Amino acid sequence: MIILSLFLNKISVDQFMKYPHSEVEAKWQKFWEENKIFNTDLTDIEKKLYCLVMFIYPSGSKLHCGHWYNYGPTDSWARFKKLQGFNVFEPMGYDAFGLPAENYAIKTGVHPQDSTFENIKDIRNQLKAMGCMYDWNAELMTCVPEYYKWNQWLFLQLYKKGLAYRKNAPVNWCPSCQTVLANEQVENDGTCERCGTPVEQKNLTQWFFKITEYAEELLDGIEKIDWPEKTKSMQRNWIGKSIGAEIIFTIDGFDETLTVFTTRPDTIFGATYMVISPEHPLVEKITTDEYRTAVNIYRNEVKNKTEIDRTSTAKEKTGEFTGAYAFNPATKKLIPIWIADYVLMTYGTGAIMAVPGQDERDWEFAEKFGLPIVRTVQPPDDFEGKAYVGDGEAINSDFLNGLNISEAKEKIINWLEENNIGESKINYRIRDWLISRQRYWGTPIPVVYCEKCGEVPVPEDQLPVELPYDVDFKPDGGSPLARNESFVNTVCPKCGSDAQRDVDTMDTFVDSSWYYLRYLNPKFDKAIFDKDLAEKWTPVDMYVGGAEHATMHLLYARFIHKFLRDINLVNSDEPFNKLIHQGTITNKGAKMSKSRGNVVNPDKFIEDYGSDVFRMYLMFMGPYELGGDWSDKGIVGVDRFVQRSYSLIKNFDNIKNITESVERLPLDKLTDIEASIYKKVNISLVKFTREVENFRFNTAVAVLMELLNELTKNIDDVSDEVKLYSLERFVYMIASLAPHLGEECWSIIGNVNSIYKSEFKFEVDPEALVVDNVTIGVQVNGKMRGTIEIPLDSDESVVKEAAWNEEKVKNHTSGKTVVKEIYVKNKIYNIVVK
RNA sequence: GCCGAAGUGGCGGAAUUGGUAGACGCGCUAGACUCAAAAUCUAGUCUAGGCAACUAGGUGCCGGUUCGAGUCCGGCCUUCGGUACCA
């Protein structure tokens, strides 16, 4: 009686038990960790594959949907590669320095280091619960001396080569973050990339990395990397190369000269006035008394305008005459010098020769202030606009007349060079990377200032310059480190007399510009990273992260990588061979953010459905690179798929004990239904592989669902051999998208080892892909009128007969004249009638 | 303004090189199981007309190329990214 009820109980449990996701996921996570399944042997480089996601910022808000959307699918790609036999290295770490931790400290009094370590602890657990195949041996964080010491070392190497330097320059100041920002970190509307506050301009002495030295190479390198076209073009625009000339203009009555940069030196005969930036150093000197008051008022107005004011105003040109005149070396005429804010001090030379005839802005300005306009390129007869910027014959240009733009450019540049008043010149929009930050929670800049010796870099053997724990970080615009006397006061490494440390810290983008090299051995203490491993494992094969880093992190990392190559530490030109951006998951049309209150918390879904279902649902939602608006509507569909997969496998537990795994089955010995399943499995393998390899996870999931439908329908009618053959391959594919379920199923069918340690590789049987019958469409006048099933590669005559036998074809052609018939082999048969 | 991507059922989305539009899933409808419900299973589901076979229309809009267009070309509209006086 007891036995019977137990027996019944077991049956009912087996039949109706839902997939116990919590237990299964916990079980396999433990198994993977204890058996070190995902610790990569970095010495084995034969089939090495470095798969990297942008590391995580350990803020208090923990893992959100965006992280899952970034990490889950990428991990699935990596897992599939692992199953294919690649030696995959997939690390994870923490981008742990940065403003939010410090702002949190100001608000709550919790020290950034304490809150960061606390967050990392939580996030690490969350990451582990995701069940990604991260190699936890490689885990790193940037906020510990073992890491940031090498930021300082990197700084010193750049300094040695003259690529880290200090200068006084107008810089972007964020009054809310209380620090300066790099140009890349200012949004196009002049607000702070991090907090959205309008950025102000300040003159400060700051440290810069000379990224401009690599401008040309950064531009060229874009051609060699497999990155999204969009991202590459953003970098091209950011670097902003333009080819032209510099021309020197003498100023009437002064020894000083004005140098301008122009991409159109050929239009110099049309330069009827000049404009210099209001901030230009010569303004003071050349302005005549008559105009001084107006000029000063204008300069003050401009100074007080924020970027927002400057761009939001209706773009009407403004400016003032300085009273001074320059000498146009081509026309030999005196032309007035104006100041206007449409000329930027930060681009080119801060001065232009204005050629209204060929430049829309100059035309607008000239029209407004009644300045002369001379065309120097003949517009076409039907041209109706104002300034003409297209190609044409030079006119009003003396010895250039009759030449087209490029000929005229060449000739005028020769003329300028012969007369020593100019030369050809390439200009870049990109500016040096400002790395000083007036904040606490970052890498101290390893420089001391000595009264006798001046600026002295800290010697390498004295690194790291440790970030002190005891610091008063109230936001008053000064660097918090400045208030820590025991940090500031030191001795000069050169002469031993009293000296002060630099109190700024580095931009955290320095940390992230080489972290992918450190992952290979984060405990390495002899150098910044293990050069031997770096040369073997970089460039990174697959890099996945947000598109918002296009002109920040992704540009800085390319720069630093090239520098590391130049000091012989890596042997490749680019850090990231292939780059993919995940799309953004929005909620109700807006980006998820705490302030909008539309953040979707993944935890509830993990609890209800498990991490496999949640990850697979994110993948199934749509194209990975597009992202989309969040909705949990369809998640039950993925859950059903998991349940159905599980119960299918459950029906065949330990099937491996009955029959053996084989690489192939002989098609001609299979029954019709076996053959059809066998073919379906192989076709699915081919499709699935293609989809996953290209990050098209939504269709990869669809392939598996289709296969599951087929298997549930027909698997009872095939031999054990075919059953095992099909189920093994089904599980193999599932394992990359739903790793825990995959392992569980793998073990249910009778395997003892992890599927990720399986030596068995599931190759496609090409025989199974051969189709013998095709269904072709029959059309009349291009409209579908039926389909016919015929053997592959049938002759036209066979198809023709079958087509004309179709009832509908007869109906639609009767009483009409056949004009022609078109046969596209194995695809379509079209009859054209009149 | 300029550059880029996108626009397909009630919804998320599929559709190598132009060749059966709507795979897969959600939702919905009907049926089976159940005292009943949920879950599950089976069938159906682009729209309009028809009991049906079928007919007509249909991939943002207008036009074109073609035997044939979601896919190619020209002109627009909308949405989302990026960028903005860069001389």
Side-chain angles (χ1 to χ4, degrees), chain A residues 15-16 18 187-189 228-231 233-234 236-238 240-242 244 260-265 267 275 277 310-311 315 317 340-344 346-355 358-362 364-365 427-430 547-548 550-551 581 583-584 586 589 617 620-623 625-638 640-641 643-644 647 687 690 696 698-709 712 775-788 807-808 811-812 819-833:
Chain A
Q15 220 158 28
F16 300 112
K18 291 201 86 184
E187 296 284 316
N188 58 50
D189 62 352
E229 209 40 60
K230 190 177 78 177
T231 310
S233 95
M234 279 172 73
R236 271 188 216 107
N237 291 337
W238 189 263
K241 179 182 184 176
S242 47
V260 303
F261 172 74
T262 177
T263 53
R264 294 293 304 275
T267 62
V275 185
S277 164
R310 266 173 92 150
T311 45
K315 276 194 187 171
K317 293 278 178 293
D341 68 355
Y342 82 93
V343 173
L344 311 172
T346 45
Y347 183 78
T349 60
I352 62 159
M353 62 176 207
V355 189
Q358 277 73 231
D359 185 287
E360 279 155 14
R361 296 153 303 177
D362 294 345
E364 200 190 319
F365 192 82
N427 211 6
Y428 297 91
R429 195 185 95 107
I430 190 173
E548 68 274 14
T551 52
H581 297 304
T584 317
T586 55
Y617 177 57
F620 190 53
M621 273 173 61
E625 269 132 306
L626 277 177
D629 205 45
W630 171 258
S631 152
D632 57 9
K633 262 188 173 173
I635 196 167
V636 291
V638 175
R640 275 177 206 152
F641 168 74
Q643 302 296 344
R644 291 178 57 214
S647 31
K687 279 195 194 163
R690 199 178 51 211
R696 291 191 296 256
N698 53 334
T699 44
V701 175
V703 169
L704 291 191
M705 287 174 164
E706 223 177 296
L707 179 59
L708 175 66
N709 290 342
T712 15
T775 314
I776 73 164
V778 181
Q779 304 180 329
V780 177
N781 285 348
K783 280 187 200 228
M784 286 300 303
R785 295 302 172 191
T787 54
I788 49 178
E807 201 57 34
K808 282 207 248 170
N811 294 344
H812 287 274
V819 180
K820 61 170 158 176
E821 291 169 61
I822 295 141
Y823 174 50
V824 181
K825 213 173 203 177
N826 303 323
K827 289 224 166 117
I828 214 96
Y829 193 84
N830 190 11
I831 300 159
V832 186
V833 293

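Below, chain A is the first sequence line, B the second, and so on; all start at residue 1. Since this is a predicted model, take the numbers as computed values, not measurements.
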Which part of the nucleic acid, if any, lies within reach of [X] when heavy atoms closer than 4.0 Å are counted: base, sugar-phosphate only, or nothing?
{"X": "A/R644", "value": "sugar-phosphate"}
{"X": "A/V636", "value": "sugar-phosphate"}
{"X": "A/N709", "value": "sugar-phosphate"}
{"X": "A/R785", "value": "sugar-phosphate"}

Could you tell me how far apart [X] ([atom1]) and [N] ([atom2]) are, to the nearest whole angstrom?
{"X": "A/W630", "N": "B/rG13", "atom1": "CH2", "atom2": "P", "answer": "13 Å"}
{"X": "A/K230", "N": "B/rA6", "atom1": "NZ", "atom2": "P", "answer": "11 Å"}
{"X": "A/H812", "N": "B/rA56", "atom1": "NE2", "atom2": "C1'", "answer": "11 Å"}
{"X": "A/E821", "N": "B/rG68", "atom1": "CD", "atom2": "P", "answer": "15 Å"}
{"X": "A/K783", "N": "B/rC67", "atom1": "NZ", "atom2": "P", "answer": "16 Å"}
{"X": "A/K241", "N": "B/rA87", "atom1": "NZ", "atom2": "C1'", "answer": "17 Å"}
{"X": "A/L704", "N": "B/rA14", "atom1": "CG", "atom2": "C1'", "answer": "15 Å"}
{"X": "A/N781", "N": "B/rA56", "atom1": "CG", "atom2": "C1'", "answer": "15 Å"}

Between B/rG10 and B/rA6, how far is it from one P atom to the other, in whole Å? 23 Å
Quote, to the nearest angstrom, the C1' distance that separates B/rU79 from B/rU40. 41 Å
Determine: side-chain N/O of [X] to OP1/OP2 of [N], distance under 4.0 Å, yes or no.
{"X": "A/S242", "N": "B/rA87", "answer": "yes"}
{"X": "A/K820", "N": "B/rC67", "answer": "yes"}
{"X": "A/R640", "N": "B/rU40", "answer": "yes"}

Look through every strand shown and name the nucleotide pairing with B/rG1 as Watson-Crick or G-U wobble, where both distances are under 3.5 Å. B/rU83
Could you run through nucleotides 16-23 of chain B and give me one letter per nucleotide, 5' to 3': B if any protein heavy atom sits under 4.0 Å from the base, S if only the sugar-phosphate is that close, - if neither? -B-BBS-B
CZ-CD1 distance between A/R236 and A/I430, expressed to the nearest 0.5 angstrom: 14.0 Å
Considering only heavy atoms from C-beta outward, does the side chain of A/R264 approach that of A/V355 to under 4.5 Å? no
Could you check whether A/R429 and A/N237, counting side-chain N and O atoms only, form a donor-acceptor pair closer than 3.5 Å? no
Donor-acceptor pair under 3.5 Å, A/K317 side chain vs B/rC85 base: yes
Considering the options A/V819, A/V833, A/N830, A/I831, which one meets the side chain to side chain contact (heavy atoms under 4.5 Å, CB included) requirement together with A/N781? A/V833
